[in-house]
Structure formats: structure tokens, C-alpha cells
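Everything on this sheet refers to the single structure shown next.
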Amino acid sequence: MVQRRFELRMWVNVTDFDLRSVLGEIVQSASGNRSEHMEIDQLVKEVQKEINGKRYLLVLDDVWNIKNDERWRMLENVLSLGAQGSGIIITTRYNAVAKITSTMEPYMLGMLDEHDSWSLFKRVAFREGQEPNKPHIVETGKNISNKCGGNPLAIRNIGCFLYFLNPKEWPTYLTMEFSKIPASGADFFAVLKLSFDYLPSHLKLCFAFCCLFPKECEIDVQTLINFWMAQGFIYSSNPSKHMKDVGYEYFHELLSRSFFQDVQKDKHGMFTKCKMHSLIHDLAIQVAGRRYKMLPQYEDNIDTEVHHLSFNFHLDSHWKIPASLVHAKSIRTILLSNQLQWETEGRSSRSICGHVVLGCKRLRALDLHNSGINIVPHSIGKLKHLRYLDLSHNMNIKTLPSSITKLYHLQTLKLKFCQKLQELPRHIKKLINLINLEIDGCDNLTHMPCGLGKLTDLRTLSQFVLSKKTDLDWRRTGGLDELQNLNSLRGELKIKNLRHGADYEVANLKEKQLQSLILIWNNDDLEAVDNQEMNVDSSLNGLEPHISLKELSLSAYGGVEFPKWFSSLTNLVRVSLWRCKKCRYIPPLDQFSSLAALTLDELTNLEYISKNEKNQLSSTEILPSLKELRLTDLPNLKGWWRQVENEGVDGASSSTKATILLSTAERSQPLFRCLSKLTIENCPKLDSMPLYPNLDEVLKLNNSSLEPLRQTMRMSVAGQQIPTTTAADEASTSTISNSVPSTRTSSPLSKLRNLCIVGMTELDFSTGDVIMWKAFESLHSLTFDHLPQLKTIPEGLQQLDNLHELYIRRCDNFEAIPKWIIDLKSLKKLAIQLLPNLTSLPEELYNLTSLRKLEIEDCPKIAQKTNPGQDLIIKFLSTSEPPRIMYCQCIKTS
């Protein structure tokens, strides 16, 4: 119901009400774009741009304080441009906030009643949420549920804790622990703390450490685990189990007990981000005690008892070091938890690092990311207890001092996006305990140091850069043999500057259980081998990865074919091939049942994706898990497979021939069952590929044939059954299996929401409907771009009942918008740009009441003073409330 009623839905966690921060969060929630670099005036414009004319719902969650109502009134004014019926919901624990913000009587949320409390408790405390058949367990559970006083957070946490406890122990827990809580359950924190008290000691330490992150902060899971490791919180009695794996188990256990929420996963299903509920964060602060301190911006008093310190404001190299920090000899952690990238642009120094080193000799974790330093002092080597060092996003660092290799206990060294860094320390092999070396984004690295292969505990090595030069001192430059014994590597590894003809088997990649492998050959080397004939190049042959690999990307590979091991990687989820210019075929894809994304780009010699002929296919469905397909800059690609002439076609008349082709070919045309996104750019010869009737997110066709689209749309004419994904399929986040397809059918492309047609120079819509527009029942956004033959909007668009956005760009012969545009009752945005021959705008456009945004740019004939279109634009500007023209560069002023 909410989705149907509100076009735009936004959710912002507020806590401390800062206007700039709230506006930035609204922009991010509405558009997905971060706004760290924007000033408040820019943020106001961005918010108004996102909400203008839209019926929106904004939830401002957990507002703690609004110091004066002036700031709130400013935000109200910014939010006033929404359409009628827009709404703002505010949740708060403070009556003062409700008084300032309310336009109606606040709704006071009470506690859950006994029935709802038990319903929630059952869901989290029992397996599959099912009430057990044992009355005594049910009775005990209800007693515990009632003790939580109807507070849902307490019920959830206590229930999650009891999930891991044998129900036979529940009565003892009820008697021993809840006897300390008032019968009313009013002491909420006492109830909540019970779930903490029963944590194992190692998890208590890990949870308490989280108080160093700000409320509602998005916490990076791997960073958190690395901090835990640095403090010695992670321990395993199994020597074969890596500390990072144990740390991940710790995180998962805290998550399962509801100490974390709002988790995000990467493309491989691993947890990457999380948050803490503000009340859980309060609990972390309460149990952490005086050894943990989050320093506000204008406070400089740091107690000598503090061991772990974080800064709840942006800190850069010009910050004045308080004397209390120099005297805080027991500091073990310095964490910059609130860094903003735009704050340090153009500012750099080294003062902060030197002062920290002078005062905090017991440091185990030092975070100086994005602090603007350009020189790391030699004295860094004095921090002999240091296990975690983050210097990432300090773009002016060019070198690291040799003394950094004296940090023998160092486990994590983060140098991500130190864009001017040219080389790693020569004696890096001395860092014998190093587990994580993060150097992605260090684009100026010229080589890897000799001896890196001695660091056999390395778990993360984000990239390995081979030297382009052969005249460098071999004692300084590490080759791929450095990887030979680094068999603990996991995650992603990028190898740059590979050379054709080299033997890289010494890298021993087959023994490394990587998830993602990105192989990039030297571009200069690719040009050198252009005149050489090679089939499977030995450089790729020797880089065989472990069979568990999930993602493989090859760039600038110069071989004609691929090695046999490629087909053995049956667990692949993503495959990308870039600039493999000699490649004529790609390896068979039939065995990749888990493949979800495929990108083929600049394979200029590729003619067919499959070596098979179409009649050799074993199934009418191929790549059953494929959701995203990108085919770009493939000028010679003719089809997915070689076409086979149909018997009896050659001697038939034209009309008979068409009938034969329809019945024999399209009835059995293979199809992608789950494809959601399809981009085909600069593939002018591609006229045959598997059909894609269930495409739902986006279809982009740029300088490519329309024939595959027509074939897909003709499926219903041919009588071919269209299998659709079931509700279970759509809800599942796991890989789709080779199960029997659903028998439900729908019209082809009836789910598609975004269609973009670009660069079709010969496409002429005036000869009739070359596209069956009626099929696009769900189309939300349509773009016509660089279509020289397009003179007006195709009449078939009148059948698009759900079209919200229409973009027409760079169509040199486009002359007029038809009067029937008023029939597009759902149209909310019309953008017309770079249309040199557009001569008029219909008066009916003003009466299209659904239209909320009209953008006009570089339409010179409309800009003429005598053009009636000028009057219409002025009418829009002067009588629409709120104004419906958002951008216009075509009005001539007198």
C-alpha cells in the first residue's frame, strides 16, 4: 500500500539533529548518491530536485534532539516542494522533539501487549518460529516474555539469546536472572543487559569495542574484525582455523543475537556492512566503562585510564593535539570514525602522525585514514606493539619510511587510494605477521618488492603489480613467483601488467581459494603481439585458479582461445572479458549454472559466443541464473550461435518462408529465464541470441540490431511458453537452481521498467509500429537518444499506461510533440534536449496534470521570441505551484 501511494520513499536515521547531515542523508536515501562534498546550499537544491512534484514519504527515525525550532522550520521549507499528499513521520523518545515538529497530536507508542509480546518472542526464540508442544516450556517462555515489559527490542534480544540456550535451562534463567528485574519490566536496560551478561567473555570484549563507532554509523565488518584481531580479542583453539574466519564467526554470532542489524552483503553473499540500534549502542557504552572514550569535537580532556579512543568529528593533520593525549600513555586504539573526504582536499601535513607517535607508545591500532598527511615520519617504527595501521585515502603520500618494517607485530596495513604512492617498503618481508595488505587504488605503484612471498600469513592482498620495465634491479622487483607460497590468500586478487608468452605457473594460483581473480595484461604488450599468431597463450594457461572461484575478469588477453581449465570453474558467478581482441569464441557456458553476470567488451574478432550450432543445444533454457548481461563494442558479433538453414525454406515463397521460420525457429528459441538487466551497445551485426521475455529492470540498445527484441516480442505470436520466476525465486537471494520452470505465463517484456534506445541511425518509426508498444505494460522510463529518423513520438506510446518518464535527446529531425501526449496520464517527467528542429510544444502539455518536471535544453527554435512555445513555458513558470519546469535553456528575454 505504501509503495502504491508514495512515489518516493525515504528513511533517515537522525539521532543528533544537524541540518546539513539530515539533508545529506535525505539525498542519499532518495537518490543513492553520497553528498560528503556538498555545501548546505547545494544540499538544499539536491533535496528539492529529488522531491519536487513527487508524493513522498519521509521517515525521520529516532530524532534525539532539536536545539531550536528555527532549524526545523528551515527543513520544513526545503521539504515543502513535494506533491499534495506527501508525508513526514518522525519517531522520537523525547516530548520536546514532538512539540517542535508536530502538526498534529503525537501518537504515543505503547508497549506490546501480552499477545503481541508472545508472538514476537516465539518468532525469535524457537526454531522456525514454531511454538513447541511442551506446555512447561511454553509457560516458562511466556513468563520470560512478560518480564520484558512489552519492549520489542528487549524481547528480540532475550529471545535470540534463549534460541541458543537449551530450553531445559530456561526455568533456571528465569529464576536466577529475572528475579533481579522489577515485576513491571520498567528497567529496560536491566532486561537488555541480561542478553549481554550471558555472552562468552570474548564476545563481550568484541561487543564493547563497538561503542567507539558513532550512533547509526555504518560499520565495515572486515575493518571491525581487524580491530578485534589487533586487540587480541580473537582466539581459536584450532590452529588450522584462520583468525579472520574466527572473527567472522564472532560477528555472525553477535548478529544472530540481534546486537547488529541492517546488514549488507557483497556479491558473494558475505556480510560487509552493519549498524547497531541506538539503544544497543547505549548498552555498548554502558558495559564498556571508562577505558573506552568517544571524543566530541570541542573536548580535549582525555582521562589517563582511557585505552581506546575514537574521534566523533572530522580530524585532519592541522588538528591541534591536546596535551592530555600526549600524557595518555595507556592508549591502545586511535580510531577516526567520522572522516569526510571533502574536508581534507588540498590540505596536507605530517604533524598529527608525529605527535601521536610521541605520546602513545602502547598503540595496537592506529587509524589515520583521510587525515591529509603527506609524509609518514620515520618515528612510526617506534610503535613496536602496533598491529593495525590505516593510512588509506591520504593521496599525497609518495613513499613510506623504511622504519615501518620494524613493526614486526603488524597484522593490517591499509594503503587504499594512496594514489601517489610509488612503491612499498623494500624490506617488507620483515613484517612476518602481516595478514592484510590493502593497496587497491594505488595506481602509481610500479612494482612489488622482492621478499613479499615470505609473508605466508597474508590473507588479503588486493593487487599484485608486475613491473613494466625489465631494466629495474631484479633484487628490488618481485615477480609472480612471490605468490607461490601465499596459499592463505582469500577474497579478491588483481594482477596487473601480465606479459604474453610468459610462464606464470609458478604463481600457484590453483592452491589459493580466492573468490575473485582479475587478470590484466600490459597494453603495450598487447600491441606488440598483434601480428603474432597464438591460440591459447601460455601466460593464461599457467594462471589456473582454484575451482571454487566465484568471479573471473580478463583484460587485454591476446590469445585466440582459452585454456581447458576455464570450463572447470563451475562455481563462477561473474565473468568479464575486456579487450580480448583476438578472441573468436568464448569457452562453452553451459556448465556455469550459477553464472549471474556476464560482460563481454571490446572483443573485436568475436563472431559467435557459442561454438555450437543452434540445433545442438540440449535445453531451451540456457544460463538459468543469469541476471545481468552486457555486450558492448562487439562489431563482428553475429549471434549467440551459428544459424542453421531450415529444410524447405530456400524454395518457399517469401510469405511461406516467414511462416516456416516462425514455427520452426521461434517456437524452440532458447531463452534466458531470469535475465533482469540487458545492455547491447555497438553490436550492429547481432541478430540472433536467446530470448529474454522476463527482463524487468533495464534494456539498453545502442547502435545494435532490433531483431533480438522483435524475436522476443513475437514469442506470444509463435505460441512459445514463457516460464516466469515464482515468488519464491524472486524472494530468494541464493543462486537459482535448475528446477522445473513455473507453468505460469505472461506476455514477453510485460515486466520491463526501463527501456533506452540509442544510436539507431536507420530506425524509422514513421513506417508503422516497429515495436509492439502495448507489450510494455510496466514500462516506467523510456529514452530515445540519437535517432536521426525520429520526427515525433511513436503513436504506440499512447498504450503505455504506466509511463512516468520520457527522455528525447539528440534527435536532429524531431519536429513536434503530438497533442495526444495528454493521454499519457501517468507521465511525471518529460526531458527534451538537443532537438534543433523542434518547432512547437502543444498547449495540451500544460493540461497534463500528472506532469511534475519539464526539462528543456538546447532547442533553438523553441527559444525564438515569436514561437508560441515561449508563451507555454512562461505559463508553466508563472501559474504552476510548485513550478513544474525544473530546467530550461530556451527562453529569450527582451
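Everything quoted here is computed from the prediction, not taken from an experiment.
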Assess whether side chain to side chain donor-acceptor pair (under 3.5 Å) is satisfied between H307 and R332, documenting all intermediate values. CA-CA 5 Å; H307 285 194; R332 287 165 170 75; 3.3 Å; yes
Is the shortest heavy-atom distance from the side chain of [X] to the side chain of [Y] under 4.5 Å?
X: W578; Y: S553; answer: yes
X: L212; Y: S337; answer: no
X: L295; Y: L309; answer: yes
X: D601; Y: R630; answer: no
X: M448; Y: L424; answer: yes
X: H393; Y: S371; answer: no

Aromatic ring pairing W521/Y557, orientation class (parallel under 30°, perpendicular over 60°, tilted between): tilted
Decide side chain to side chain contact (heavy atoms under 4.5 Å, CB included) for Q411 and D457; before the verdict, give the C-alpha distance in whole Å, the side-chain angles of both, and the deciding distance to 0.1 Å. CA-CA 9 Å; Q411 297 169 338; D457 282 340; over 6 Å; no
Specify the closest pair of heavy atoms between [X] and [Y], including all atoms of both residues, with the distance to one decimal.
X: P545; Y: W565; value: CD-CZ3, 3.4 Å
X: L363; Y: A365; value: CD2-O, 3.5 Å
X: H447; Y: S467; value: CB-CB, 4.0 Å
X: Y504; Y: R499; value: OH-N, 2.9 Å
X: L445; Y: V465; value: O-CG1, 3.5 Å

Here's a test for you: under side-chain hydrogen bond (donor to acceptor under 3.5 Å, both in side chains), which of N396, N444, N394, N374 qualifies with K420? N396
[X] (side chain) donor-acceptor with [Y] (main chain) under 3.5 angstrom:
X: E482; Y: G451; answer: yes
X: K512; Y: L483; answer: yes
X: S403; Y: H378; answer: yes
X: S31; Y: V27; answer: yes
X: Q463; Y: I439; answer: yes
X: R579; Y: E602; answer: no
X: T405; Y: I428; answer: no
X: S29; Y: M10; answer: no
X: Y248; Y: I225; answer: no
X: W228; Y: C206; answer: yes

Within 6.0 angstrom of [X] [atom1], more than 12 heavy atoms from elsewhere:
X: R490; atom1: CZ; value: yes
X: K406; atom1: NZ; value: no
X: E505; atom1: CD; value: no
X: I40; atom1: CD1; value: yes
X: K204; atom1: NZ; value: yes

Between [X] and [Y], does any side-chain donor sit less than 3.5 Å from a side-chain acceptor?
X: S392; Y: D390; value: yes
X: T460; Y: K244; value: yes
X: N571; Y: S548; value: no
X: Q231; Y: T333; value: yes
X: N433; Y: R387; value: no

Could you go through residues 266-276 and list every donor-acceptor pair under 3.5 Å that involves a side-chain atom there, pairing it with any protein atom two or more places apart or in another chain?
from	atom 1	to	atom 2	distance (Å)
D266	OD1	H268	N	2.8
D266	OD1	G269	N	2.9
D266	OD1	M270	N	2.9
K267	NZ	E551	OE1	2.9
K267	NZ	E551	OE2	3.3
T272	OG1	Q264	O	3.3
K273	NZ	D220	OD1	3.3

Just verifying a value: how many Å separate L254 CG and E249 CD, rounded to the nearest 0.5 Å?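 Between atom CG of L254 and atom CD of E249 there are 12.0 Å.
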Please assess L480 against L498 for the test side chain to side chain contact (heavy atoms under 4.5 Å, CB included), listing each intermediate value before the final yes or no. CA-CA 9 Å; L480 273 195; L498 291 161; 3.9 Å; yes
Using side chain to side chain donor-acceptor pair (under 3.5 Å), reason through E697 and S676 one step at a time and then give a plain yes or no. CA-CA 5 Å; E697 288 196 47; S676 182; 3.1 Å; yes
F259, F251, F227 screened by ring-ring contact (aromatic ring centres under 6.0 Å, His included) with F209, the one that passes: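 Single ring-ring contact (aromatic ring centres under 6.0 Å, His included) partner of F209 among F259, F251, F227: F227.
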Kindly indicate, with the supporting measurements, whether the criterion side chain to side chain donor-acceptor pair (under 3.5 Å) is fulfilled by T223 and K414. CA-CA 10 Å; T223 297; K414 298 180 71 169; 3.3 Å; yes
